Protein chains: 2
Amino acid sequence: MATMNDVAREAGVSLSTVSYVLSGKRTISEETRLAVQSAIRKLDYSPHSGARALASNRSNVLGLMAPLRADVNVSVIMQFVAAVVTTARTYNQDVLLLTQDDAGGLERVTSQSMVDGLLMMDIEARDPRIPLLAKLRKPAVLIGLPDDPQGLSCVDFDFAGASRTAVRHLVDLNHRSIGFIGSPQASLERHATYADRARKGFTEACEAAGVGSVLRACEASMAALTEALTAVLDDDGAATAVTALVVHNEGLLPLLHEALAGRGLHIPEDISVVVIAPEDVALAAARPWTAVSIPAHDIGRAAVEMVMDRLNSDKPVEVRLIVPTLVQRETSSAR
Amino acid sequence: MATMNDVAREAGVSLSTVSYVLSGKRTISEETRLAVQSAIRKLDYSPHSGARALASNRSNVLGLMAPLRADVNVSVIMQFVAAVVTTARTYNQDVLLLTQDDAGGLERVTSQSMVDGLLMMDIEARDPRIPLLAKLRKPAVLIGLPDDPQGLSCVDFDFAGASRTAVRHLVDLNHRSIGFIGSPQASLERHATYADRARKGFTEACEAAGVGSVLRACEASMAALTEALTAVLDDDGAATAVTALVVHNEGLLPLLHEALAGRGLHIPEDISVVVIAPEDVALAAARPWTAVSIPAHDIGRAAVEMVMDRLNSDKPVEVRLIVPTLVQRETSSAR
DNA sequence: CTGTTAGCGCTTTCAT
DNA sequence: ATGAAAGCGCTAACAG
């Protein structure tokens, strides 16, 4: 492996000139720049990241703590991760992967100066990792919205707004009683904030619009779905029968059409459906769903942008909510 | 941040002594070891990874190139990745994540000495990244089995053996004609080797046993599944009707029970089903599947062990196939 | 616009 | 069993 010294000798310039050509931190004459660049190519030089990290206090690596368990949301998680890695590369950063349960990893990678900043996914309402993160003196961004961010930047999809948007859409279509089928009970119990917020937004929007509402958590299985549908559609307490559903559970979508057909219900004639899901999941069905799409890619990108902003220009801490948009397709209609 | 120098001063020993206490590369008296260790704790010292990498030519980081697209196999991929990260930590290594399409990333992270070794998932039969990898002078392990490993280590599940095991199980149960529902056509066209090998093993085993066989690729949708079932179960060319299925497609499992019920078929009375899938996926169904389980965790672990072996003790390159085992549950029975 | 030089924090010979 | 000192390859302050 060629070193910077080799390049300097080859180009007939000094070590520091090579360094400055690479960093662009001072003006270099066209002539020497070209000489250096050709020497770099000739020797197939590339900088040693360890040496650079040692001298500059920058590793050009971001730490990403991701939930790698087999969850309902695997596909969403993958999209986040892909977006983070891709965006990081545009900032010339690489991504070091930490698993959710390796709480000590946060401390380790920062104290060893392995990373310049940290991203943490799947934040719970009172996530115990937040105080840890807040102590470390590295920029960090939470992907999710905890009760108390403790001075950390956050970015997330506006799940409450997503539910509201879905409800308003259905109310505009004259539905007077709407069901909500959400994340599994386990997610609620962990206080995964997306689950809580989507429910809350739904309830509020229904109340505001004066329409009936029924909520159910649901596992990703046909049995659970059937049961949930029964509970929602046959709800005795409701003044009017439920004629529309908001579904916030990616795992159920492949099953939903069948399950409703099993009850003799056609979409959208008998029942309208709006899903809250990543775009590609909403489009994967034979009949694409009317959807408020979860822009996993945008969120991941925003998260990286936010750490990099704090890193490069110490912009202030911010809490950013990504605005939902609804795309109507053929699974919702007026009644 | 405390440095090694600070620790040496605090402990009243020399810099190198601290280093040797940390590395264990020479014998240290109990007394000084304790002094150093307490100084380390007192100052909350941790070594600077960049400095260490510079001086030792080891980064303690493994590169993992993973497919982060929204594929049918997301859950399997996640399990691999989780296994790799977890196992890497037991070797005191961290994991740098590269995306599949970032072919230049392989070159970059090695030439910058960011990683000590590389793992590459989702290998295709003639994967163009293999010659690249083979050129880099770093230990590498392919997770998958290409036509020509070009001197690289490989580890994979024995998908052909998995199909054979499934077929033999069904043959033992007196089934005389077996259907195979496999990965989407797209996977075959990419020559994802797992898809090819599973099909090949199936065909061979059926021939060897003298039983009928019908194969179909299938997307993860109800429509595609229905069509595939029709093609397989109503196959005119077959001497005997298909009475059992081998399914190698995780995405179909939530739909399969419904789809068969739709044809008036009960499992296992009318039709036996054996799936090739990760254990947790096979168990997720209301009625757990008889399964040849894909031990994603074992494969990921083996991959890390293999790079670390090459790194620490330059063991020879090896090709390791993980042996399949079948667990009978209630979805297969004798006829 | 360019060169010289002092570290960055660690590993590892060489000496004792 | 321990210490002294020479790098590892780079960045950035200082000097011109």
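Side chains are part of it too, since the values below use all heavy atoms of this structure and drop only hydrogens, waters and symmetry mates. No experiment lies behind these values; they were computed from the predicted model shown. In the text below, chain A, chain B and the rest are named by the order of the sequence lines, each starting its count at 1.
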**Q** Considering only heavy atoms, which members of residues 21-39 of chain A lie under 4.0 Å from some atom of DNA chain D?
**A** A:K25, A:R26
**Q** Could you tell me whether B:D158 and B:R320 have a side-chain N and a carboxylate O separated by less than 4.0 Å?
**A** no
**Q** Quick one: is D:dG3 close enough that its OP1 or OP2 comes under 4.0 Å of any side-chain N or O from B:T17?
**A** yes
**Q** Between C:dG9 atom C1' and B:M4 atom CE, what is the distance in whole Å?
**A** 8 Å
**Q** Hey, is the side chain of A:S14 poking within less than 4.0 Å of OP1 or OP2 on C:dG3, counting only N and O atoms?
**A** yes
**Q** So which nucleotide from C:dT12, D:dT11, C:dC8 ends up closest to the side chain of A:S19?
**A** D:dT11
**Q** I'd like to check A:V304 versus A:Y91 (side-chain heavy atoms, cut-off strictly below 4.5 Å). Are they in contact?
**A** yes
**Q** Considering only C:dT5, C:dC10, D:dG9, which nucleotide approaches the side chain of A:L15 most closely?
**A** C:dT5
**Q** Determine: side-chain N/O of A:S16 to OP1/OP2 of C:dT4, distance under 4.0 Å, yes or no.
**A** no
**Q** Whole-Å distance between D:dG9 C1' and A:M1 CE?
**A** 13 Å
**Q** Is there a side-chain hydrogen bond (donor to acceptor under 3.5 Å, both in side chains) between B:D280 and B:Q79? Walk through the geometry before answering.
**A** CA-CA 10 Å; B:D280 60 339; B:Q79 286 187 45; 3.0 Å; yes
**Q** Is any side-chain heavy atom of B:M65 closer than 4.5 Å to a side-chain heavy atom of B:L119?
**A** no
**Q** Inspect the contact between B:R89 and B:D94 and indicate whether a charged nitrogen and a carboxylate oxygen are less than 4.0 angstrom apart.
**A** yes
**Q** I want to confirm an ordering. Mapping B:V13 and B:A51 to their closest nucleotides on DNA chain D, which one lands closer to the 5' end?
**A** B:V13
**Q** Counting just side-chain N and O atoms, does A:Y20 come under 4.0 Å of either OP1 or OP2 of C:dT4?
**A** no
